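Predicted, not measured: the structure shown is a model, and the values here were computed from it.
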Amino acid sequence: MKRLLFFITLFSSAASVALGQCDAANIASRCAPGPESGYTLIKSFEVDGKGGSKTKIEYSYVFTKGTKYLVNVCGELDAPDGVVVTLYDKYRNKVASNLYDGQVLKAISYPCSATGIYYISYTFEESKEYCGGSTIGFKRIG
Amino acid sequence: MKSSFYTILLSLLLVACGGNKKPDLEDIEESLASEEQSTPQISSENIKSILASIPHPLELSVHVQESGINYNASYLNSTDNYGNYNSSNKKAINLGIYGTDLGYTNIYSQIQDGLDYLSVVSKLSDDLNIGQFLDFKSLKRLTDNNSNLDSLLMITNQNFDNINNHFIAQNKSSLSALLLTGGWLEALHITNQVTLTQMGNKNLRERIGEQKIVLDNIVLLLTVYGEQDKQIADLLNDMKKLEKAYEHVTISYKYEESSSKIVDGVLEIVSTSTSEVKITDEDIAKISAVVEEVRNKVII
């Protein structure tokens with residue numbers, strides 16, 4: 001049964017890629033931090049670059065001091081596929097990016113030391129599908 | 001007057017979309033404050049962005065639990081009130097409230113109360129035709145077992161996230177705004193009640209003060225919908241009273257460049273930026289009083 005479900009999921013993903021559709025909601029739902037990580041999922045974001053015609057997708061979130069956040073990034077096949085996430089504070093100072101030393105990493109871990117609105121900005125770097133999903137998990141800094 | 005306000009808002013959002021740059025929340029807020037107008041045709045994408053900025057109520061509830069104070073069911077909205085909610089707006093805002101209460105019972109491992117709140121969340125979801133997004137069976141099993149809190153919170157949050165996304169996709173984002181407002185209001189209410197019993201708790205005091213940032217965004221959202229919906233307009237007026245109660249609370253922020261390193265494929269950030277909240281006992285008393293007043297209107 002599990003194998004059947006796996007193939008159905010794989011087929012659906014392949015079909016949507018073939019049709020040029022971006023099922024960002026589905027990718028985001030697969031991008032949640034696992035229960036073993038100790039992070040609790042709080043938000044999921046769709047990152048649909050419309051096949052490359054859209055170069056930036058941006059959300060915002062209030063990060064709280066004393067809380068550690070994990071921003072996960074996924075492409076069609078779990079790897080980030082060139083989906084770059086950059087965190088900016090409310091004054092647009094850059095806080096972090098998963099584009100680090102030329103590689104696009106799967107996640108950013110951010111222990112917040114200053115509460116405020118942060119902008120979570122998604123762009124693409126050599127992406128194949130321009131389609132992804134992202135999630136934020138949190139845990140208290142013990 | 002009204003029409004120029006929304007024209008400016010709409011222009012900002014359209015320019016932002018066309019230019020592949022979203023307006024900062026502050027830009028939208030300033031436009032809302034300075035102008036007035038009709039036809040809130042805002043793209044679902046921009047609505048999504050503002051909705052996404054509202055923090056998850058569970059974050060506040062976890063702070064409450066870590067304060068060491070015992071579980072207190074009297075803080076929560078009685079499940080008996082379910083029958084009072086006849087309109088979609090009332091159902092949506094109270095679904096948010098009950099969702100926060102469900103999270104609160106879960107983190108304190110209160111099985112029976114958790115099942116009661118799950119039941120009322122399920123009923124409201126069915127009433128709003130979003131029952132398909134609530135994995136009731138899995139949630140009930142996990143609540144019953146009381147064995148895997150992380151999985152329980154994960155599925156609950158995923159379900160609520162899906163409900164939010166569904167409302168937006170169905171052009172019912174006002175319900176999403178109400179759902180999030182209800183969840184936030186309840187979390188603030190619980191935090192206030194606990195803090196009033198431990199006024200020396202610096203962590204909780206700060207968390208209450210920081211909600212000023214969230215309140216600004218909630219006012220922004222309700223302003224968008226209040227133009228067309230009297231119930232939301234009334235709620236907006238109440239939230240403006242709450243803004244008044246927050247007027248002397250200050251939040252300062254100092255940016256410092258962060259450093260980072262890769263650990264197991266994850267970029268670990270070390271941040272030394274700081275923020276400081278200034279909030280007095282009088283501020284907390286005022287905020288709590290207004291929150292109680294607003295909440296009582298919403299839940300009854």
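- Of the two parts of B:Glu206, only the side chain, counted from C-beta on, holds a non-hydrogen atom closer than 4.5 Å to a non-hydrogen atom of chain A.
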Pairs of donor and acceptor atoms involving the side chains of residues 41-48 of chain A, under 3.5 Å and at least two apart or interchain, shall be tabulated with distances.
| unit_1 | atom_1 | unit_2 | atom_2 | d |
| --- | --- | --- | --- | --- |
| A:Lys43 | NZ | B:Ala52 | O | 3.4 |
| A:Lys43 | NZ | B:Ile54 | O | 2.9 |
| A:Ser44 | OG | B:Asp161 | OD2 | 2.1 |
| A:Glu46 | OE1 | B:Lys48 | NZ | 3.1 |
| A:Asp48 | OD1 | A:Lys50 | N | 2.8 |
| A:Asp48 | OD2 | A:Lys50 | NZ | 3.4 |

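- Between chain B and the residues A:Leu87, A:Val62, A:Thr67, the most heavy-atom pairs under 4.5 angstrom are made by A:Val62.
- Of all heavy-atom pairs spanning A:Ile117 and B:Ser53, the tightest one is CD1-CB, 4.3 Å.
- Going from atom CG of A:Asn93 over to atom OG of B:Ser258 covers 10.0 Å, rounded to the nearest 0.5 Å.
- Between A:Tyr118 and B:Tyr253, the ring planes lie perpendicular to each other; the angle is over 60°, past the 30° to 60° tilted range.
- Of the two parts of A:Ser97, only the backbone, made up of N, CA, C and O, holds a non-hydrogen atom closer than 4.5 Å to a non-hydrogen atom of chain B.
- With a 4.5 Å cut-off on non-hydrogen atoms, A:Tyr88 does not touch chain B at all.
- How far NZ of B:Lys261 is from OH of A:Tyr100: 10.0 Å, rounded to the nearest 0.5 Å.
- Proximity to chain A is absent for every atom of B:Lys212, based on heavy atoms less than 4.5 angstrom apart.
- Heavy atoms closer than 4.5 Å to chain A are found in both the backbone and the side chain of B:Val266.
- Only the side chain of B:Glu66 comes within contact range of chain A, judged by heavy atoms closer than 4.5 Å.
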Open item on the list: Evaluate B:Leu58 against A:Thr40 for side-chain contact (heavy atoms from CB on, under 4.5 Å), listing each step before the verdict.
Closed with: CA-CA 9 Å; B:Leu58 197 63; A:Thr40 300; 3.8 Å; yes
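- Heavy atoms from other residues, nucleotides or ligands lying under 6.0 Å from CD of A:Glu36 number more than 12.
- When the candidates B:Val270, B:Thr156, B:Val277, B:Val62 are compared by the number of heavy-atom contacts under 4.5 Å with chain A, B:Val62 comes out ahead.
- Ranked by heavy-atom pairs shorter than 4.5 Å toward chain A, the options B:Arg207, B:Glu276, B:Glu256 are led by B:Arg207.
- Taking both residues in full, the closest heavy atoms of A:Ser29 and B:Gln158 are given as O-NE2, 3.5 Å, listed atom of the first, atom of the second, then distance.
- For the set A:Ala28, A:Gly38, A:Pro111, A:Ser37, the entry with the most heavy-atom pairs within less than 4.5 Å of chain B is A:Pro111.
- Within 6.0 Å of the NZ atom in A:Lys139, the count of heavy atoms belonging to other residues, nucleotides or ligands exceeds 12.
- Expressed to the nearest 0.5 Å, how far OG of B:Ser260 lies from OH of A:Tyr110 amounts to 12.0 Å.
- Interatomic distance, B:Ser275 OG to A:Asp89 CG, rounded to the nearest 0.5 Å: 11.0 Å.
- Per-residue counts of heavy-atom pairs under 4.5 Å with chain B were compared for A:Gly34, A:Gly137, A:Ser113; the largest is that of A:Ser113.
- Going from atom NZ of A:Lys65 over to atom CG of B:Asn203 covers 9.0 Å, rounded to the nearest 0.5 Å.
- The line from NE2 of B:His56 to OH of A:Tyr61 is 7.5 Å long, rounded to the nearest 0.5 Å.
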Task: Verdict with reasoning, A:Lys90 to B:Tyr255, per side-chain contact (heavy atoms from CB on, under 4.5 Å) - done: CA-CA 10 Å; A:Lys90 71 174 285 190; B:Tyr255 171 75; over 6 Å; no
Task: Candidate pair A:Asp101 and B:Ile262, rule side-chain contact (heavy atoms from CB on, under 4.5 Å), full reasoning - done: CA-CA 10 Å; A:Asp101 280 349; B:Ile262 300 176; 5.7 Å; no
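- If you measure heavy-atom distances from A:Leu70 to chain B, the contacts under 4.5 Å come from the side chain alone.
- Considering only heavy-atom pairs separated by less than 4.5 Å from chain A, the leading option among B:Pro55, B:Ser151, B:Pro57 is B:Pro55.
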